[in-house]
Amino acid sequence: MGDATRGGRLEAEAVLAGLDPEQRAVAEAVRGPVCVLAGAGTGKTRAITHRIAYATLTGVVAPQRVLAVTFTARAAGELRGRLRALGAPGVQARTFHAAALRQLTYFWPRVIGGEPPKIIESKIGLVADAARACRLSFGRTELRDLAGEVEWAKVTQTRPEDYAAAAAKAGRKPPVDAVDVARVYVMYESLRRERNLLDFEGMLELTAAVLTEHREVANQVRDQYRYFVVDEYQDVNPLQKLLLDTWLGGRDDLCVVGDPSQTIYSFTGATPSYLLDFTSDHPSAKVIRLVRDYRSTPQVVKLANDVLAGRGHGGARGEANRHRLELIAQRDDGPEPSFAEYDDEVAEAEDVARKVTKLTDSGVPAREVAVLFRINAQSQAYEQAFADAGIPYVLRGAERFFDRPAVREAVVRLRGAARSGGDAETDGTGLILTVRHVLSGVGFTDKAPEGTGAARERWESLAALAQLAEDMVAADADAGLAGFVAELQERAAAQHAPQLEGVTLASLHAAKGLEWDALFLVGLTDGTLPIIYAETPEQIEEERRLLYVGVTRAREHLALSWSLARSPGGRKVRRSSRFLDGIAPRTSTSTPPRIAKAERRHVAKGPQPCRVCSRPLTAALERKLGRCQGCPADLDEALFAGLKQWRMDTAKEQKIPSYVVFTDATLQAIAERRPTSEPELALISGVGAAKLGRYGASVLALCRGETPATSPDLLD
């Protein structure tokens with residue numbers, strides 16, 4: 001027994017090794033209440049997982065008595081993975097909703113009985129039915145906003161008859177008349193009960209009610225979970241706080257972690273007040289601040305601190321600002337953040353695509369690059385620019401990864417392979433080869449398909465599974481197929497998707513909790529950030545915090561940009577975000593530095609004219625071809641065929657997708673115009689400076705009817 005105790009103590013001491021003084025203080029504060037104020041990039045996940053592991057290894061609490069709660073399936077999956085590595089695999093790490101659903105499902109037969117309700121993941125369909133039942137007609141956008149209002153009312157425990165007054169008090173602007181919102185809300189709840197449906201808010205509320213009304217259930221849950229950790233506590237809403245208090249049952253073995261400067265979900269009912277008032281509710285609480293930033297370079301950290309402090313814009317205000325943490329960079333110096341102003345969104349997107357190509361050519365993996373914007377509608381210009389430039393991208397917030405048909409089929413086949421003895425190869429190389437072999441049966445190939453449609457999305461999903469196997473082997477050289485399948489099943493249950501290969505396009509809200517080596521913050525204009533409907537001081541400050549969250553997602557490379565007009569030739573009436581006043585240099589110009597004259601086609605005043613009829617071109621494909629789609633074109637079909645064959649050979653030689661060399665539209669434009677010099681070739685959309693240098697000589701040789709020389713290496 002003595003040796004076992006000493007062994008446990010040695011393991012516990014090893015858990016503390018490598019922590020900085022503040023992180024160690026968190027880990028050693030094994031009894032609650034504890035409040036950790038953790039700035040962006042300061043290692044909060046490391047601190048709380050080491051705290052849990054230290055508490056279990058020293059016998060303070062058994063692993064199965066711990067419930068760690070966070071807000072996303074990805075974060076919960078990361079917590080579980082780290083805890084397993086630290087020797088605490090029995091700890092439950094879940095989202096609020098996952099924990100509630102598990103408890104509700106378990107106790108349903110005993111305390112309620114009958115057919116359990118079906119969980120609805122989206123309210124829009126039911127809201128639409130409720131609106132029709134009220135004889136109201138709304139478009140898709142209004143229905144989505146109505147669903148958001150119903151959700152806000154439910155998480156804030158606002159009854160339909162109180163909605164109008166509560167919305168006015170909160171400064172909300174309903175998408176339709178408040179009376180109609182309340183009517184739809186009443187009918188929504190009526191239809192939900194009638195159809196035996198349960199939404200996420202109802203799930204939390206019903207779980208809390210079951211615990212409150214059934215003492216034996218509450219005793220069982222409280223006996224099971226005695227030690228609580230809640231991450232992202234600044235994002236807790238009143239309904240989640242109600243459930244947490246019900247779980248606790250008056251106990252205070254609670255550790256909360258958060259950053260008031262990252263409160264960006266107030267519109268959903270989240271409030272930082274529970275974090276800011278934690279010591280009022282728990283006077284004996286220990287408060288620890290984490291301010292050492294290990295994620296970002298000093299240059300990025302300085303910009304983040306400047307944004308949050310409101311330098312140059314009258315200073316930040318509000319309760320959250322009074323508790324802001326001044327980050328202290330721990331990394332070596334990196335490049336200065338860049339600022340760029342453009343004539344229009346098309347020019348901005350195309351230059352971002354050029355810069356992304358330069359980064360990936362220099363060795364930065366595509367999955368370590370992201371473009372973030374304030375509203376989802378801004379993604380379209382970047383999807384088009386990246387497709388034109390042959391840059392693979394992933395649009396965050398699309399269909400859930402493990403719900404994709406290709407992924408479901410692949411997981412079934414991998415599970416079957418594991419059952420049939422496919423795990424005979426126990427070394428890492430065997431796992432990688434086995435996974436790739438199984439995935440080939442559902443269409444996976446070493447070479448990505450051309451284009452950016454469904455075939456490409458299917459391939460990227462399968463490639464993510466193959467990459468996950470490689471990542472697993474990198475972490476454990478002895479990983480086998482059975483362990484890989486178990487990891488997939490756990491991730492599927494938690495919707496913890498692997499990282500897809502491609503540049504990430506995402507809204508600032510969707511990027512919370514993520515980070516990249518290189519980051520582009522785009523569309524930073526007043527009216528977009530802060531958003532035009534942010535009017536009160538509190539709403540403006542939340543928009544500032546949103547920019548701060550965006551800046552702190554960058555590890556090394558950071559570029560901020562905005563455009564003066566929406567479309568080429570439009571009125572240049574925009575101005576950069578007020579949050580950049582006094583931060584962005586005043587010398588920004590609409591033409592980025594060192595872009596060759598031939599490449600400035602979209603920076604020139606006015607839209608590009610059709611080369612046949614001179615009509616202004618606005619459609620992306622028309623701008624690529626340089627003509628209206630209906631105008632006659634002299635396509636050299638033999639040259640077009642030769643260009644496609646050369647592209648296929650080049651892509652095969654360089655082991656890249658063909659569209660990364662040139663898209664079909666670019667090859668068609670070349671075959672129509674038949675350029676005779678590099679300046680003429682550079683005028684064609686999709687032929688940037690990098691591709692001109694890499695492929696220009698070969699393309700011009702084909703245009704002259706000659707055989708091109710051997711293709712250059714990709715990184716030459």
Side-chain angles (χ1 to χ4, degrees), residues 307 312-313 337-356 371-386 388-389 505 507-508 520-535 540 543-544 546-547 550-551 558-611 614-624 626 628 682-683 685-686 688-689:
V307 166
H313 184 60
S338 66
F339 300 86
E341 180 179 280
Y342 298 88
D343 278 357
D344 54 72
E345 290 182 4
V346 173
E348 184 178 7
E350 291 188 342
D351 196 50
V352 168
R354 280 190 286 268
K355 291 175 179 177
V356 168
V371 177
L372 304 183
F373 30 78
R374 175 60 179 86
I375 54 177
N376 289 321
Q378 291 173 280
S379 74
Q380 193 277 331
Y382 295 89
E383 293 179 61
Q384 183 65 58
F386 282 18
D388 288 347
L505 301 181
S507 70
L508 286 162
F520 295 82
L521 298 177
V522 300
L524 302 179
T525 60
D526 247 32
T528 302
L529 191 72
I531 199 73
I532 192 168
Y533 50 75
E535 297 176 348
I540 295 294
E543 294 289 299
R544 182 195 302 280
L546 192 55
L547 177 58
V551 169
L558 177 61
L560 301 91
S561 62
W562 58 92
S563 54
L564 302 177
R566 182 177 184 276
S567 304
R571 292 180 60 202
K572 301 176 186 178
V573 296
R574 295 171 169 176
R575 54 156 288 181
S576 60
S577 170
R578 69 191 73 174
F579 301 141
L580 299 180
D581 290 352
I583 296 176
R586 295 180 179 274
T587 55
S588 296
T589 60
S590 58
T591 303
R594 292 188 291 279
I595 293 181
K597 183 176 181 180
E599 293 182 79
R600 297 181 185 173
R601 53 190 171 275
H602 291 308
V603 181
K605 185 175 182 179
Q608 175 188 357
C610 171
R611 56 189 167 85
S614 299
R615 183 182 70 82
L617 302 177
T618 56
L621 179 60
E622 291 182 340
R623 295 198 306 270
K624 168 94 47 192
C628 303
L683 286 170
S685 179

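- Between A381 and A349, the shortest heavy-atom contact is O-CB, 3.6 Å.
- With hydrogens and angles disregarded, a donor-acceptor distance shorter than 3.5 Å links the side chain of Q378 to the backbone of I375.
- Rounded to the nearest 0.5 angstrom, I531 CD1 and E543 CD are separated by 6.0 Å.
- Nearest heavy-atom pair across F579 and I540 is CZ-O, 3.5 Å.
- Looking at every heavy atom in both residues, W562 comes nearest to S576 through CE2-CB, 3.4 Å.
- Counting all heavy atoms, side chain and backbone alike, F373 lies closest to L505 at CZ-C, 4.0 Å.
- To the nearest 0.5 Å, atom CZ of residue R575 and atom CG of residue D581 are 4.5 Å apart.
- With values rounded to the nearest 0.5 angstrom, L372 atom CG is found 11.5 Å from L529 atom CG.
- One finds a salt bridge joining R354 and D351 here, because a Lys/Arg side-chain nitrogen approaches an Asp/Glu carboxylate oxygen to under 4.0 Å.
- In this structure, CD on E341 lies 11.5 Å from CZ on R574, to the nearest 0.5 angstrom.
- Within the model, atoms CZ of R374 and OG1 of T525 stand 11.5 Å from one another, a figure rounded to the nearest 0.5 Å.
- Summarising the geometry, atom CZ belonging to F339 is positioned 10.5 Å from atom OG belonging to S561; distances are rounded to the nearest 0.5 Å.
- Judged by distance alone, the side chain of E345 and the main-chain N or O of G523 form no donor-acceptor pair under 3.5 Å.
- Considering only heavy atoms from C-beta on, V371 comes within 4.5 Å of F386 through its side chain.
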